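The next block holds one structure in the form of structure tokens; read it before the comments.
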There are 2 protein chains.
Amino acid sequence: MRAQRPNSREKILAAAADVARESGPGSLSLDAVASRAGVSKGGLLYNFPTKAKLMQGLVEGYLREFEHALEAARTNDKDENLLAVYIRLSANDCEEKQPSASWIFSAIAEDPDFMMPIKTFKRQLFERLKGETPDLKSLLICYLAIEGLRSMNLFDSDVLSKDERELLVSSLLEIAK
Amino acid sequence: MRAQRPNSREKILAAAADVARESGPGSLSLDAVASRAGVSKGGLLYNFPTKAKLMQGLVEGYLREFEHALEAARTNDKDENLLAVYIRLSANDCEEKQPSASWIFSAIAEDPDFMMPIKTFKRQLFERLKGETPDLKSLLICYLAIEGLRSMNLFDSDVLSKDERELLVSSLLEIAK
DNA sequence: CTTCCTGTACCGTCTGGACGGTCTTGTCAA
DNA sequence: TTGACAAGACCGTCCAGACGGTACAGGAAG
């Protein structure tokens, strides 16, 4: 299953994300992705035999990346608790002006079931956090606030100023400590 | 501009929301909406000359309803502060198992610009909250956590149990006080 | 020879929307 | 009271375009 011509899949995935962001989530057509990736439609359909597989690939890549980032940040700050690591990592993600994952809307429009891996991933993460965080109240507040931050980033909604965002994050880290 | 056959517009709007929820946001076609509303396609296009107008109608109705609900809850608990009212109202909205506004994904897929009224509305609401809430830190945490709750409801993601949700809300109300 | 692609031609389906016709309702003059 | 008439509300049909997907002939590289 691994290892076609090394980077073709990655290029296509990146192209799909770009198209979704720039042309709008509803305009994620195979032709657009193919031309953006510098690949013919036949080539695209060789790597992803169907549009559903493409979406699935996007979701899996997203989850894989997040997991890696979390583990990396974890081993970096070995003394910090998991919740704090998660807060910092998410805040970093949301720093980028680019919504970074607006292809999610394409996936949902295509079929809401594409979100299922993400949902179960989040459930597992939350369970893990519950196991490692002593105070449930603090966890709930921090987790939900981060969820809110991610949501605002995803919807490209900039109601918070930079200062406010920083104040929020530092407050959450205080609570998580 | 007002007053067609009294309730035809409302019926169509409700039908559109139903179709989006049941058939998936990507399957919100005019035919589906028309048949669901018990109206011919011609009749639908008479009320909403274009699909964009339909989406616009959904957004406006959503905002109008929310505003009314907020004002109503406000006059009911005249002594409570705005943030607490907002928290309670949002928590109530998120109680429903039905995502209630999953047509939003349809609108985004159609054209992300449909979200602009919602964005400016939220910005205004946040400004209002800032004006009426003494402690910025509390406001940020509460507002973002509620945003997170709304996001989870919208994505139909049930990582929180009922008890956890209630604990969260009571904690937020404590902070907001 | 196999793998990985390119390029093109094509098909079936769906969708937004334009269009002309139809039924209903209100208005007003005689 | 009645009949004429116009505007409003809605129906059914049709169409051009876009899209996902298939099929197939080739070509370059290892």
Side-chain angles (χ1 to χ4, degrees), chain A residues 1-59 103 105-114, chain B residues 1-59 103 105-114:
Chain A
M1 182 153 286
R2 186 49 40 80
Q4 358 278 91
R5 273 269 218 289
N7 46 4
S8 207
R9 279 181 72 97
E10 302 300 322
K11 248 183 12 187
I12 290 173
L13 255 23
D18 289 349
V19 170
R21 179 160 23 79
E22 291 170 16
S23 309
S27 306
L28 189 64
S29 67
L30 296 185
D31 294 275
V33 173
S35 88
R36 172 78 187 221
V39 164
S40 74
K41 196 175 174 182
L44 169 68
L45 284 162
Y46 178 83
N47 285 279
F48 299 94
T50 172
K51 198 180 186 183
K53 296 280 183 191
L54 214 202
M55 298 302 185
Q56 200 180 317
L58 281 170
V59 171
W103 53 262
F105 293 126
S106 305
I108 294 178
E110 202 71 28
D111 182 350
D113 289 349
F114 286 130
Chain B
M1 181 152 288
R2 186 48 41 78
Q4 359 275 91
R5 278 269 218 292
N7 44 4
S8 207
R9 279 180 72 99
E10 303 301 322
K11 248 181 18 185
I12 291 172
L13 254 24
D18 289 349
V19 170
R21 180 161 22 81
E22 291 170 16
S23 309
S27 306
L28 188 63
S29 68
L30 295 187
D31 294 274
V33 173
S35 88
R36 173 79 187 221
V39 163
S40 78
K41 198 172 175 182
L44 169 66
L45 283 162
Y46 177 81
N47 286 278
F48 298 93
T50 170
K51 197 179 186 183
K53 296 282 184 188
L54 213 203
M55 298 302 184
Q56 200 179 317
L58 281 170
V59 171
W103 52 263
F105 294 126
S106 306
I108 294 178
E110 202 71 25
D111 183 351
D113 288 349
F114 285 131

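Only a predicted model underlies this, so the values are computations on that prediction, with no experimental measurement involved. Just so we're on the same page: letters track the sequence lines, and every chain starts at 1.
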Please report the distance, rounded to the nearest Å, between [atom1] in [X] and [atom2] in [N].
| X | N | atom1 | atom2 | answer |
| --- | --- | --- | --- | --- |
| A:Arg9 | C:dC5 | CZ | C1' | 15 Å |
| A:Glu110 | C:dC14 | CD | P | 15 Å |
| B:Phe48 | C:dT15 | CZ | P | 19 Å |
| A:Met55 | D:dC19 | CE | P | 13 Å |

Which part of the nucleic acid, if any, lies within reach of [X] when heavy atoms closer than 4.0 Å are counted: base, sugar-phosphate only, or nothing?
| X | answer |
| --- | --- |
| A:Leu45 | base |
| A:Gly26 | nothing |
| B:Leu28 | sugar-phosphate |

Which of these nucleotides, [options], is closest to any side-chain atom of [X]?
| X | options | result |
| --- | --- | --- |
| A:Asp31 | C:dT15, D:dG12, D:dG20 | D:dG20 |
| B:Lys51 | C:dG16, D:dG20, D:dC10 | C:dG16 |
| B:Leu30 | D:dG20, C:dG16, D:dC11 | C:dG16 |

Would you say [X] places a side-chain N or O within less than 4.0 Å of OP1 or OP2 belonging to [N]?
| X | N | value |
| --- | --- | --- |
| B:Asn47 | D:dA9 | no |
| A:Ser8 | C:dC4 | no |
| B:Thr50 | C:dG17 | yes |
| A:Tyr46 | C:dC5 | no |

For residues B:Ser27 and B:Ser23, report the shortest heavy-atom separation together with the two atoms involved.
OG-O, 3.2 Å
Tell me the closest heavy-atom pair linking B:Ile12 and B:Phe48, and the distance in Å.
CG2-CE1, 3.7 Å
Side chains of B:Asp18 and B:Trp103 in contact at under 4.5 Å (non-hydrogen atoms):
no
Looking at side-chain heavy atoms only, is the closest gap between A:Asn47 and A:Val39 below 4.5 Å?
no
Looking at A:Thr50 and A:Lys53, would you say the former's side chain and the latter's main chain have a donor-acceptor pair under 3.5 Å?
no
Can you say whether a donor on the side chain of B:Lys41 sits under 3.5 Å from an acceptor on the base of C:dG16, or the other way round?
yes
